[in-house]
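A quick write-up on the structure given underneath.
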There are 2 protein chains.
Amino acid sequence: MFELDLRSRKPIYEQLVDKLKELIINDVLRVDEKLPSVRTLAQQLTINPNTIQKAYRELESQAYIYSIKGKGSFVNALAKNENVEELEKMKDELKKLIAEALFLGLSTSDLYSLIDEVDDVVGGGYTND
Amino acid sequence: MFELDLRSRKPIYEQLVDKLKELIINDVLRVDEKLPSVRTLAQQLTINPNTIQKAYRELESQAYIYSIKGKGSFVNALAKNENVEELEKMKDELKKLIAEALFLGLSTSDLYSLIDEVDDVVGGGYTND
DNA sequence: TAACTGTATTAATATATGTAATACAGTTGT
DNA sequence: ACAACTGTATTACATATATTAATACAGTTA
């Protein structure tokens, strides 16, 4: 399904969260699609089930997935704009990064291009104009 | 000078790096201006000098400051576009965040606005058109 | 020389991360 | 009902990282 860098200083569960978000965002994992079970994925990646669970719990708290005891974990039909808190965090993070990028020499048009580039990839299906 | 959240899960030295970057980027700390000494700042913030040093070392490795033994640490006259490696990292991070932001419901025009907003604050003096 | 700078090292401690083993509860298909 | 699967929780242990502490060395400055 994907690969992890076990030697990275970045915690495994964080890598997992990032990768799964990526798959969900890029529509590789579709709404209501079942994710691998905690134990199955742990076996595939040869890491501990608890670590998977930690990642899933984090994804659930961010409303990317939902879990049902006995059934499994599934991709959430994400309510756009519902997660106001997450969205504000996101904006703050973006501002910081943008300021830093401008400082390092990127131009505003460089940044515009970056947005368009990403928007093309994700299909633009998420914009609410 | 600034405040830290000692209870945060984010390491103190990382908070320090972020805050100091912010001050440098927003021109509060100017080129060649002397930063507080390791020991002074440690005393002001009531944290350990080693923690300050760790932050300063990180800032130095990212070319935001330079340090001279016996004299002090100073804001660097940052060579724009020089730090190619940092810039690529930056772009990758930005792409991830942008994809996530679009997914969470932000529109491309929301993101454009965000860029303009930040650009106004930092004065636009860093764009290389 | 005294008092300041950055830098380095070693040790002790606390917290975070990951593994391991085990248990409990809900679902599904036989 | 049962077996085999799901998520979830707990406890313990090992390891890595973060932080403090004490101390030392080297360069600068008045």
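Note on naming: letters A, B, ... go to the chains in the order of the sequence lines (proteins, then strands), and numbering restarts at 1 for each one. The basis for the numbers below is simple: all heavy atoms, side chains too, and nothing from hydrogens, waters or symmetry mates.
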Original post:
Is it the case that B:Y13 and B:N50 place a side-chain donor and acceptor less than 3.5 Å from each other?
Top reply: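 Per modelled atom types, B:Y13 and B:N50 side chains form no pair under 3.5 Å.
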Original post:
Do A:D110 and A:S107 get their side chains close enough for a donor-acceptor pair, meaning under 3.5 Å?
Top reply: yes
Original post:
So how far off straight is the helix from C:dT1-D:dA30 to C:dT30-D:dA1, going by the axes through five pairs at either end, to 10°?
Top reply: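 Nearest ten degrees gives 20° for this helix.
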Original post:
Can you pull the contact range of chain A along DNA chain D, 5' to 3', using atoms under 4.0 angstrom from its heavy atoms?
Top reply: D:dT6 to D:dT10
Subject >> Passing candidate, side chain to side chain contact (heavy atoms under 4.5 Å, CB included) with A:N48, options A:I52, A:L45, A:T46, A:T51 >> reply: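 Exactly one pass, corresponding to A:T51.
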Could you tell me how far apart [X] ([atom1]) and [N] ([atom2]) are, to the nearest whole angstrom?
{"X": "A:N48", "N": "C:dA16", "atom1": "CG", "atom2": "C1'", "value": "15 Å"}
{"X": "A:Q53", "N": "C:dT17", "atom1": "CD", "atom2": "C1'", "value": "15 Å"}
{"X": "A:I68", "N": "C:dG26", "atom1": "CD1", "atom2": "P", "value": "14 Å"}
{"X": "A:L41", "N": "C:dT19", "atom1": "CG", "atom2": "P", "value": "12 Å"}
{"X": "A:L4", "N": "C:dT19", "atom1": "CG", "atom2": "P", "value": "10 Å"}

Subject >> Residue mapping more 5' on DNA chain C - nearest nucleotide basis, A:K71 or A:T51 >> reply: A:T51
Original post:
More 5' along DNA chain C: A:P49 or B:T40, using each one's nearest nucleotide?
Top reply: B:T40
**OP:** Just do the side chain to side chain contact (heavy atoms under 4.5 Å, CB included) check on A:Y56 and A:L20 with the steps written out, would you?
**Re:** CA-CA 9 Å; A:Y56 279 14; A:L20 286 169; 3.7 Å; yes
Subject >> Residue-level proximity of residues 6-19 of chain A to DNA chain C when a heavy atom falls under 4.0 Å >> reply: A:P11, A:I12, A:Y13
Treating [X] as the side-chain partner and [Y] as the backbone partner, does any N or O pair qualify as donor plus acceptor under 3.5 Å?
{"X": "A:E58", "Y": "A:E14", "answer": "no"}
{"X": "B:E93", "Y": "A:L97", "answer": "no"}
{"X": "B:N26", "Y": "B:V28", "answer": "no"}

Original post:
With under 30° as parallel and over 60° as perpendicular, where do the rings of A:Y64 and B:F103 fit, or are they tilted in between?
Top reply: parallel
Within the 4.5 Å heavy-atom criterion, are [X] and [Y] side-chain neighbours or not?
{"X": "A:L106", "Y": "A:I98", "value": "no"}
{"X": "B:I115", "Y": "A:I115", "value": "yes"}
{"X": "B:L94", "Y": "A:V118", "value": "no"}

**OP:** Indicate whether OP1 or OP2 belonging to C:dT17 is found under 4.0 Å from a side-chain N or O atom of A:K54.
**Re:**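 Answer is yes, contact under 4.0 Å.
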**OP:** Please work out if A:R39 contacts a base, only the sugar-phosphate, or nothing of the nucleic acid, heavy-atom cut-off 4.0 Å.
**Re:**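 If one applies the 4.0 Å heavy-atom cut-off, A:R39 turns out to touch a base.
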